[in-house]
Amino acid sequence: NGYLSLAEVDKGIRDVLQIDELFDLKPVIMRAFTAAKGANNSHNKPGSHGPDFIEFVEFRLLLEYLGRYFELWELFAETDTDGDRRVDIKEFRRAVPLINSWGAKITDADKAFREIDANGGGIILFDEFAHWALKLHLDE
């Protein structure tokens, strides 16, 4: 039908691409889908399915975003040493050399942590981390 829902993208990763590592990372899939789905900005154009689906012209962008967010997930996962999909201040402090090796220039870990922790919850979630990393153009 010319467009993809999030469920169809998820199923395609599992059944067509057969990339189990990516299929298990729902935060990566959701971020890539969200970033790509409105790129065409055609929600008011005739024949458009709106900004809730990936249209044909956005598909290549979806694939690029999947690759980019998967790379950022790898860095996030190395930072998240206890595997709870959240980074606390202790984990972040220990990971500063690793994060800096990707191109960041963190000199004050606590200040950087507060900047990344956009909602002030005391932990960094993947969404917050990815937003910050993309803003800095890490490892491009």
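Heavy atoms only: backbone and side chains are in, while hydrogens, waters and symmetry mates are out.
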> Looking at Glu8 and Ser5, would you say the former's side chain and the latter's main chain have a donor-acceptor pair under 3.5 Å?
yes

> If two hydrophobic side chains count as joined below 4.5 Å and joins carry through other members, does Phe59 share a cluster with Tyr69?
yes

> Determine, using the 4.5 Å side-chain heavy-atom cutoff (strictly less than), whether Leu63 and Ile29 are members of one ILVMFWY cluster.
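Linked, Leu63 and Ile29 end up in one cluster.
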
> With hydrophobic residues grouped by side-chain heavy-atom distances under 4.5 Å, do Ile123 and Val96 end up in a single group?
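As far as the 4.5 Å side-chain criterion goes, Val96 and Ile123 are not connected within one cluster.
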
> Could you tell me whether Asp80 and Arg85 make a salt bridge, using a distance below 4.0 angstrom between a side-chain N and a carboxylate O?
no

> Are Val87 and Ile116 packed together at the side-chain level, in the sense that at least one heavy-atom pair is separated by less than 4.5 angstrom?
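Counting from C-beta outward, Val87 and Ile116 never come under 4.5 Å.
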
> For a 4.5 angstrom cut-off between non-hydrogen side-chain atoms, does Arg68 reach Leu134?
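Yes. Closest side-chain heavy atoms under 4.5 Å.
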
> Under a 4.5 Å side-chain heavy-atom rule over Ile, Leu, Val, Met, Phe, Trp and Tyr, are Phe70 and Leu98 clustered together?
yes

> Identify the two heavy atoms, one from Leu138 and one from Gly103, that lie closest to each other, and give their separation to 0.1 Å.
CD2-C, 3.6 Å

> Could you pull out the closest heavy-atom pair between Asp88 and Lys90, with the gap in Å?
OD1-N, 3.0 Å

> For residues Phe92 and Ile124, report the shortest heavy-atom separation together with the two atoms involved.
CD1-CD1, 4.0 Å

> By side chain to side chain contact (heavy atoms under 4.5 Å, CB included), which residues pair with Ala77, not counting sequence neighbours?
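So Ala77 forms a side chain to side chain contact (heavy atoms under 4.5 Å, CB included) with Trp73.
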
> For the atom pair CD (Glu55) and CG (Leu4), what is the distance rounded to the nearest 0.5 Å?
10.0 Å

> What's the spacing between Phe126 CZ and Leu75 CG if we round to 0.5 Å?
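Spacing of CZ (Phe126) from CG (Leu75) equals 9.5 Å.
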
> Quick one: do Trp102 and Ile106 end up in the same hydrophobic cluster if we chain Ile, Leu, Val, Met, Phe, Trp and Tyr together by side-chain heavy atoms under 4.5 Å apart?
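Shared cluster, yes.
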
> Working to the nearest 0.5 Å, report the span between CD of Glu91 and CZ of Arg86.
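One gets 9.0 Å once the value is rounded to the nearest 0.5 Å.
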
> To the nearest 0.5 angstrom, please state how far the CG atom of Asp117 sits from the CG atom of Leu125.
8.0 Å

> How long is the span from the CD1 atom in Ile89 to the CZ atom in Arg94, to the nearest 0.5 Å?
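If we round to the nearest 0.5 Å, Ile89:CD1 and Arg94:CZ are 10.5 Å apart.
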
> Taking salt bridge (charged side-chain N to carboxylate O under 4.0 Å, His left out) as the definition, give me every residue that meets it alongside Arg60, ordered by chain and number, with sequence neighbours left out.
Glu64

> Quick check: closest heavy atoms across Glu128 and Ala118, and the distance to 0.1 Å?
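Nearest pair, atom of Glu128 first, then Ala118: OE2-N, 3.2 Å.
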
> Identify the two heavy atoms, one from Ala95 and one from Thr79, that lie closest to each other, and give their separation to 0.1 Å.
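Scanning both residues, the minimum pair turns out to be CB-CG2, 3.5 Å.
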
> Taking all non-hydrogen atoms of both residues into account, name the closest pair between Pro97 and Arg93 and its distance.
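What the structure gives for the nearest pair is CD-O, 4.3 Å.
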
> What's the spacing between Ile99 CD1 and Phe76 CZ if we round to 0.5 Å?
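Reported value, rounded in 0.5 Å steps: 10.0 Å.
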
